[in-house]
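The block underneath contains the structure these notes are about, expressed in structure tokens.
In what follows, chains are A, B, ... by sequence order, proteins preceding strands, each numbered from 1.
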Amino acid sequence: MNKRSSWFTILAILVMIGLLSAGCATETEAPAVEQPVPETEETAPAEDPAPTEAAEKSQITIVLAEDPPTFNGAINQSGFDILVMELTMLGLADVDEVGNAFPELAVELPTVDNGGVVIDEENGTMDVTWKLRQDINWEDGAPVTAEDVVFTYDAVTDEETGYWIPGIDYVDSVEKIDDYTAVVHYNAIYPGYLTQFGGYLMVIWPAHYCDAEQGFAAWDCGLDPLSNGPYVLKEWVQNDHLTFERNPNYYEAGKPTIDEIVAKIIPDEAVRKQMLINGDADLDMWTPENIVFELQDEPNVEVSLSTVDRWVMRIFFNLAAKGTTDPVVSPHPINSDLRVRQAIQMAIDTQTIADTFWFGYAKQVWTEFFRPPYNVCDIPKPVYDPEAAKALLEEAGWIDQDGDGVRECHGCTTGAEEGYKMEMEFITYSEYGETLDLTQEYIAEQLGELGIKLTISRVEGTVLWESTENGGIEQSGNFDFDIWDDGYSGSDPTDFLWGYYTTAAAEPDWGLNYGRYMNPKIDDLVDQSYTLDEDLRKDVFCQMATILNRDLPELLLFTTVDANAHSTRLQGVQSNANEIVTWNSADWTLK
Amino acid sequence: MGHYVVRRLLQAIPLMFIISIFLYALVNLAPGGPLAGRGTSKRLNPEQIAILKRQFGLDKPVCVRYVYWLIGNDWTKMVEEIPAPGVGISSTIIKCIDPRTYLLTESQGIGKGVLRGDFGNSYRTRKPVLDSIKTAFKNSAYLMSITLTIVAIIAIPVGVISAVKQYSIFDIIVTTLSFIGQAIPEFWLGLILILIFYVWLKNPLTGDPLLPPGGMYTQGMTFSLIDWTKHLILPVTMGVVGWVTWYSRFLRSSMLDVIHQDYVRTARAKGLTLNKVYFKHALRNALLPLVTIFALDLPYIFAGSLYVEILFSWPGMGRLYYQAAIDRDYPMLMAILTIITLVVIFSNLLADIIYAKLDPRIHYD
């Protein structure tokens with residue numbers, strides 16, 4: 001090999017690699033899963049006013065930040081999986097934009113009044129009977145039956161290959177009565193039953209198509225789904241795009257009206273925004289507040305905002321000493337005093353944060369029960385009063401005697417040593433982005449003026465929320481003071497309240513009660529809320545709201561908006577904080 | 001040389017083994033884990049977490065996981081209950097040295113292990129990681145090989161002329177541009193390119209943006225060389241700018257060293273034309289170190305470029321790795337890191353071989 005030929009060789013290799021890759025890097029197919037031949041010879045009802053071949057296809061483009069992991073939204077819960085799941089598959093019932101359930105595969109919602117729910121008061125159990133529509137088929141023509149409902153339940157609860165979904169502990173079994181009737185036997189009264197096999201996480205999976213042995217979380221049909229929803233997956237090029245065609249056999253006559261949906265993976269937020277402005281994209285999922293603000297004057301773009309908010313930005317006080325999980329044995333030297341938590345609440349100017357950093361799209365909230373139908377409790381709005389906050393800290397024994405701007409314990413009642421500095425770490429997760437970063441900095445600045453020195457930390461969500469074994473910060477109690485967002489889907493907050501406020505959920509790895517708030521009265525009220533008596537639930541929730549407002553285990557600040565920007569030609573888009581924007585894709589039209 | 005290559009290949013085996021242990025430990029012991037977020041707003045309890053861990057194979061100590069990753073677990077013996085490894089023994093270290101920990105499992109393993117070409121299934125998609133890597137690799141290789149080819153085509157003449165005409169207007173301009181090119185943040189440059197060619201400049205005939213903002217091709221369009229080329233221009237430009245400045249500066253420096261050597265002066269004294277002196281005698285020797293560096297940079301073809309791929313929506317290795325890191329998708333991370341390590345080892349060997357071939361003074365045997 002001489003010198004010249006070496007160079008030629010290297011260049012030739014590069015060119016060859018490039019050309020070969022170009023040849024190979026063409027569209028890849030969706031994961032190859034052979035579609036089984038349906039056992040039934042029934043064909044789908046031909047109600048479809050399908051456009052003629054000659055007519056030009058109507059098409060829209062959705063831009064997504066990430067490739068969906070699978071079509072099974074219950075597993076990764078990335079949101080992108082739920083978006084494509086909602087395009088292709090149906091649950092027994094779903095949730096609309098105000099939080100009300102509506103039937104999808106079911107003929108109607110089972111209730112006590114229509115006999116669909118039978119309660120055994122003596123044993124505290126209930127049976128829910130779901131009657132399925134008989135006009136819904138899978139894309140291969142096989143009907144959706146009760147067998148599929150039983151199959152889905154069995155797959156979820158398989159000890160080896162299953163996966164946990166909300167409320168599944170309350171289900172003893174699912175029984176097929178006939179082809180179109182299934183009964184769910186509950187071992188308790190479970191108010192969230194309407195969306196347990198639907199809602200934003202779950203759908204019903206086809207028994208004749210999915211391989212049970214592969215397991216609910218890993219089966220091939222999660223990558224190549226058999227549709228019974230408005231759209232059918234036509235092509236999936238990993239990390240590039242997915243193409244969906246309208247399902248000609250969709251059960252709602254005349255829907256969907258848009259022939260094709262292309263979901264493009266565009267990781268950069270600025271590019272997604274510009275594609276919308278240029279008309280190269282029709283829908284941007286989860287548009288952040290700053291982009292919503294920038295898009296407000298764009299003539300080709302509209303932004304759909306959720307009518308009811310869900311996600312609440314909140315501060316978590318660790319009531320146990322940092323690195324411990326028992327607030328009785330080792331109370332937090334600062335946070336364990338209620339007056340300190342109240343002072344912090346008074347010293348944060350939530351309205352300014354909402355208006356400035358969140359561009360006015362955030363709404364101040366101060367109780368978990370701010371959404372219908374449970375927004376009936378009279379909880380006073382907190383007042384921003386930094387002077388009163390200072391006085392409260394003085395009263396609590398936190399005084400800056402050395403004049404360095406940071407208060408010290410002088411007679412405080414938390415068990416902290418005399419002279420203990422009021423210094424804490426203030427953590428959030430890094431993925432949210434600039435709006436939350438600025439909010440965190442502003443709060444640290446405001447509390448700094450109060451005499452509480454906060455050191456800002458930002459960590460990956462995976463580090464913040466992992467289990468204790470893997471050093472998860474929250475579960476290990478290895479924090480003082482955190483800020484992040486959460487909220488519940490639909491109109492039933494019971495599981496959410498259990499997870500965040502009960503004593504059982506304060507046990508490491510058992511729930512989300514990271515602050516280790518323990519109050520037997522709250523435990524009792526949460527237990528009482530597992531009922532279908534709506535009047536009783538409202539009463540119970542208002543009692544809880546009063547106690548939580550008094551004890552302040554978490555400091556609720558404001559709701560973040562659920563926004564989806566879309567082109568003006570795309571009509572019918574309705575952001576839904578309880579669901580993903582494609583929840584009503586069958587109703588979308590093109591102007 | 002043959003002996004040398006064989007010896008290096010044999011040395012690569014224990015090296016690869018040691019690196020894989022370090023990588024596996026780093027990936028698995030990093031803060032966070034794949035179960036975080038799976039259970040947000042839910043009541044995942046330790047039993048449910050245990051089921052997930054078993055599905056992911058995370059229920060074993062990290063030493064056992066490494067062995068299974070390396071040689072698979074399809075040889076293990078299934079028992080209903082795994083006996084405790086000795087009375088009172090609970091420490092991970094003792095578990096790691098007890099053969100029963102490796103041999104006995106509660107469910108039959110199916111992994112074949114890396115040594116048999118099975119890198120496992122992704123935690124994200126639950127499907128073989130190699131399937132995703134193959135697709136992403138083709139895309140990255142396509143982009144990066146074209147980028148590197150253009151880099152070589154531009155950087156070599158620019159570097160040579162810059163050296164030969166040292167302190168000329170050309171050299172000053174090139175030097176200034178080089179410093180600017182190196183100073184510009186890659187991500188910012190990409191955004192500016194999009195602003196200019198996608199937002200500002202329009203095709204005068206159609207009114208469409210001059211160039212697309214990303215992707216490899218236009219969806220739904222049959223293969224068109226023009227379309228593919230249009231999609232390449234911006235990402236390639238973004239990649240080329242930084243590399244060209246680096247390579248041309250390096251070659252300029254190398255060329256300056258060479259043209260002041262005695263043999264070059266001799267060649268000129270013998271009356272050879274300047275072109276012959278510079279391009280026949282000097283350039284060949286100036287290229288020697290560059291060839292080595294170029295060979296060492298070959299792994300970038302595999303690894304891709306994260307910024308370019310994110311900004312221009314290019315479905316390549318950089319994005320695949322980034323997503324795997326965010327998700328703590330251990331099998332995917334290990335597969336990518338292992339393959340990159342292999343490529344680096346072989347690129348080093350390739351650099352040594354080429355260097356020896358180009359420079360007769362180098363002998364390995």
Given Arg328(B), Glu309(B), Lys134(B), the one with more heavy-atom pairs under 4.5 angstrom with chain A than any other is Arg328(B)
Tell me which of these, Ala30(B), Ser132(B), Gly316(B), Ser313(B), has more heavy-atom pairs under 4.5 Å with chain A than the rest.
Ser313(B)
Proximity breakdown for Pro209(B) and chain A, heavy-atom pairs closer than 4.5 Å:
side chain
Can you tell me which portion of Ala217(A) sits under 4.5 Å from chain B's heavy atoms? Options are side chain, backbone, both or neither.
both
Let me know if Glu159(A) has heavy atoms under 4.5 Å from chain B in its side chain, its backbone, both or neither.
backbone
Region of Phe187(B) in contact with chain A, defined by heavy-atom distances below 4.5 Å
side chain
Pick from Asn278(A), Val271(A), Val463(A): which one has the most heavy-atom pairs with chain B under 4.5 Å?
Asn278(A)
Quick check for you: among Asp280(A), Thr468(A), Val262(A), Thr243(A), which has the greatest number of heavy-atom pairs under 4.5 Å with chain B?
Asp280(A)
Considering only heavy atoms and a distance below 4.5 Å, find which of Gln214(A), Glu431(A), Gln274(A), Lys264(A) pairs most often with chain B.
Gln274(A)
Assess, by modelled atom type and distance only, whether the side chains of Asp169(A) and Trp164(A) contain a donor and an acceptor separated by less than 3.5 Å.
yes
Against chain A, label Ser122(B) side chain, backbone, both or neither, depending on which of its atoms sit under 4.5 Å from a heavy atom there.
neither
The interface call for Tyr198(B) against chain A, heavy-atom contacts under 4.5 Å, is both
Can you tell me which portion of Ile194(B) sits under 4.5 Å from chain A's heavy atoms? Options are side chain, backbone, both or neither.
side chain
With Thr70(A), which residues qualify under side chain to side chain donor-acceptor pair (under 3.5 Å), at least two apart?
none
Can you check whether Trp465(A) and Tyr429(A) have ring centres sitting under 6.0 Å from each other?
yes
Engaged part of Leu191(B) at the chain A interface, taking heavy atoms whose separation is under 4.5 Å:
side chain
Looking only at the side chains, is there a donor atom on one of Asp227(B) and Thr218(B) sitting less than 3.5 Å from an acceptor on the other?
yes
Considering only NZ, NE, NH1 and NH2 on the basic side and carboxylate oxygens on the acidic side, decide whether Lys57(A) and Glu260(A) come within less than 4.0 Å.
yes
Check: Tyr190(A)/Asp495(A) side-chain N/O donor and acceptor closer than 3.5 Å
yes
Asp220(A)/Lys127(B) ion pair, N-O < 4.0 Å:
yes
Region of Ala270(A) that comes under 4.5 Å of a non-hydrogen atom in chain B
side chain
Between Arg124(B) and Asp327(B) (salt bridge meaning N to carboxylate O under 4.0 Å), is one present in this structure?
yes
As a quick check of understanding, evaluate side chain to side chain contact (heavy atoms under 4.5 Å, CB included) for Trp484(A) and Trp311(A), giving each step before the final call.
CA-CA 10 Å; Trp484(A) 43 275; Trp311(A) 304 98; over 6 Å; no
